[in-house]
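Worksheet: one structure, shown below.
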Amino acid sequence: MTLMSYPVGGLLRLQEELDRFFGKPPFDLGLAGPNVFPNLNVFTDQDGLVVQAEVPGIKPEELHVHVENGRLTISGERKAAHADTSFHRRERRYGRFSRTIQLPRDLDTEKVQADLRNGLLTIRFPKHAAAKPRQIEVKAA
Amino acid sequence: MNTQELTPKEKQEVQGTEQVQPGRFFVPEVDIAEDADGLWLWADMPGVDPDKVSVELEDGVLTIDGDVSLKPYEGLTPVYSEYRVGNFLRRFNLPQHTYDPDRITAKLVDGVLEIRIPKAEKAKPRRVAVSAA
């Protein structure tokens, strides 16, 4: 199923789709589960698996994405700026973080791509060619 | 060295407003600071494109509003979710006549909205010279 790019209904549809999967892992998250920063949303697309995380205020050079032995680790530090200022409100959180999840086995972790845009991290793992669905031609005898 | 661990926080939905568009709005987390010349405000708005954010000060109410881009979700089917995705909206009451609505500047960098709200000239502290009698 593909999300509509229709501007008005699109967001509501996305929110409803995400709600259906809220907090229900379809695969083993491995070492560190939820309640470790950053929270993750996981999707599939036609090529494989897509992992997203919201990491506002973190520069690409302060964010580390590491894949080893079928595990994905996202780590870094969100640094507190303007420490010398007097604050009326301080709701945004700062500090170091590291989160590791176990990836499904059918992904080609050599071909991972990570992209950080507007504070949204998107990591794409294509499936191994052998794990991709194929249409098999049926021949007449 | 700061070794504090960053922890995740669940997004809070905006309460008490009616929207025309379908879809839920969330409350962006903010830091607000003040210096001699005005206010600084930083709001986390991940996933919002810089041209989809609006900042407005009218009748002493500061409204910040950002529409999340749906482009990163094109062609994706969710299988697991730990955080919700939506637009951002928040309002603050500011003391009337203290700030200058015409000189507010804002920029959105790495998903963080930074707003500078300068004080109106008449509201700035002034040093009054006391002359000897």
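The shown structure was predicted, so the numbers you read here are calculated from the model rather than taken from an experiment.
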Looking at A/Arg117, A/Arg89, A/Arg92, which makes the most heavy-atom pairs under 4.5 Å with chain B?
A/Arg92
Can a donor-acceptor pair be found, under 3.5 Å and without considering hydrogens, that links the side chain of A/Asp47 to the backbone of A/Lys127?
no
Mark yes or no for whether A/Asn69, through its side chain, and A/Arg71, through its backbone, hold a donor-acceptor pair below 3.5 Å.
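No: the side chain of A/Asn69 does not pair with the backbone of A/Arg71.
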Any donor-acceptor pair under 3.5 Å linking the side-chain atoms of B/Asp49 with those of A/Asn118?
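Judged by distance alone, the side chains do pair up.
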Please report the closest heavy-atom contact between [X] and [Y], naming both atoms and the distance.
{"X": "A/Phe21", "Y": "B/Val79", "value": "CD2-O, 3.3 Å"}
{"X": "B/Ile64", "Y": "B/Phe92", "value": "CD1-CE1, 4.5 Å"}
{"X": "B/Thr63", "Y": "B/Leu89", "value": "CG2-CD1, 4.0 Å"}
{"X": "A/Lys111", "Y": "A/Pro126", "value": "O-CD, 3.3 Å"}

Contacting region of B/Val30 [heavy-atom separation from chain A under 4.5 Å]:
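The answer is both parts of B/Val30.
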Under a 4.5 Å heavy-atom cut-off, does chain A meet the side chain of B/Lys11, its backbone, both or neither?
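The side chain, not the backbone.
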Checking an interface table here. Which of residues 35-45 of chain B come within a heavy-atom distance under 4.5 Å of chain A?
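Within residues 35-45 of chain B, the residues under 4.5 Å from chain A are B/Leu39, B/Trp42, B/Asp44, B/Met45.
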Below 4.5 Å, heavy-atom pairs only: which of B/Glu10, B/Lys71, B/Glu29 has the largest tally toward chain A?
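That would be B/Glu29.
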Looking at CD1 of A/Ile58 and CZ of A/Arg78, how far apart are the two atoms once the value is rounded to the nearest 0.5 Å?
6.5 Å
